[in-house]
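Below is one structure, written out as structure tokens; the observations come after it.
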Amino acid sequence: MSPRKRRALAIGGGLALLALATMLVLNALQSNLVFFFSPTQVAAREAPRSGSFRVGGLVEQGSLRREADGLTLRFAVTDTAHTVPVTYQGLLPDLFREGKGVVVAGKLDADGVFRATEVLAKHDENYMPPEAADAVKRASAANTMKLEAR
């Protein structure tokens, strides 16, 4: 085999290895991405029907219910325009309260109930996750515009 063919073969093999490595890295990144959606986006079916994602907003007042087992909880997350029912099994963060900001991670069931695997509550009196605050602000503005149109 001539040096020219050997060099071309080495370059081709190197490019193939680089393409394989790039594909593996992108696949790993894609499987670990968790996107954020507001309750309005979930209601508009913009959220994935399969796969994990996050929903954020406020815990709706009066929606928190504990099941008999003591670990399963049902509550609703709202952005003041739409509401997503959530179930979660586990311990809640100490700062979890009705009317306060929350982000839940999990999957949406076929029945429209969000099965949370993780609950993140705000960490101080004045904080709400930026995505959740923006979603609540947009929903409030849309509600105001609807009321003014009447």
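Rounded to the nearest 0.5 Å, atoms NZ (K100) and CD (Q61) are 9.0 Å apart. Between atom CZ of residue R65 and atom OG1 of residue T87 there is a gap of 14.5 Å, rounded to the nearest 0.5 Å. One finds the CZ atom of F35 at 12.0 Å from the CZ atom of R54 (value rounded to the nearest 0.5 Å). Rounding to the nearest 0.5 angstrom, the gap separating the CD atom in E46 from the CZ atom in F53 is 11.0 Å. With rounding to the nearest 0.5 Å, the separation of CG in L64 from CZ in R74 is 12.0 Å. Atom CG of residue L18 and atom CG of residue L15 lie 6.5 Å apart, to the nearest 0.5 angstrom.
In D94, the CG atom is not crowded: 12 or fewer heavy atoms of neighbouring residues, nucleotides or ligands sit closer than 6.0 Å. Around the CG atom of L24, the shell of radius 6.0 Å holds more than 12 heavy atoms that belong to other residues, nucleotides or ligands. Residue R6 qualifies as enclosed at atom CZ: its count of foreign heavy atoms under 6.0 Å is above 12. Around atom CZ of R4, no more than 12 heavy atoms belonging to other residues, nucleotides or ligands sit under 6.0 Å away.
The list of ring pair (Phe, Tyr, Trp, His ring centres under 6.0 Å) pairs with a residue in residues 1-29, not counting sequence neighbours, is empty.
Residues L120 and P93 form no side-chain contact, since every pair of their non-hydrogen atoms from C-beta on lies 4.5 Å or further apart. You'll find the side chain of V25 stays beyond 4.5 Å of the side chain of T22, heavy atoms only.
Looking at S63, its side chain does come within 3.5 Å of a backbone N or O of A76 through a donor-acceptor pair. At least one donor-acceptor pair closer than 3.5 Å links the side chain of D79 to the backbone N or O of T40. Of the possible polar contacts, none joining the Q89 side chain to the L71 backbone as a donor-acceptor pair under 3.5 Å is found. Between the E60 side chain and the T83 main chain, no donor and acceptor come within less than 3.5 Å of each other.
With ring centers used as reference points, F96 lies under 6.0 Å from F75.
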Quick one: side chains of residues 101-110, donor-acceptor pairs under 3.5 Å with protein atoms, not counting sequence neighbours, listed by atom name and distance.
residue, atom, partner, partner atom, Å
D109, OD2, R115, NE, 2.2
D109, OD2, R115, NH2, 3.0

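Closest approach of P39 to G56, counting heavy atoms only: CD-O, 3.2 Å. Across all their heavy atoms, F37 and P48 have their closest contact at CE1-CD, 3.5 Å. Contact between G62 and E98 at its shortest, heavy atoms only, is N-OE1, 3.0 Å.
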Could you go step by step and tell me if V86 and V113 meet the side chain to side chain contact (heavy atoms under 4.5 Å, CB included) rule? CA-CA 6 Å; V86 177; V113 176; over 6 Å; no

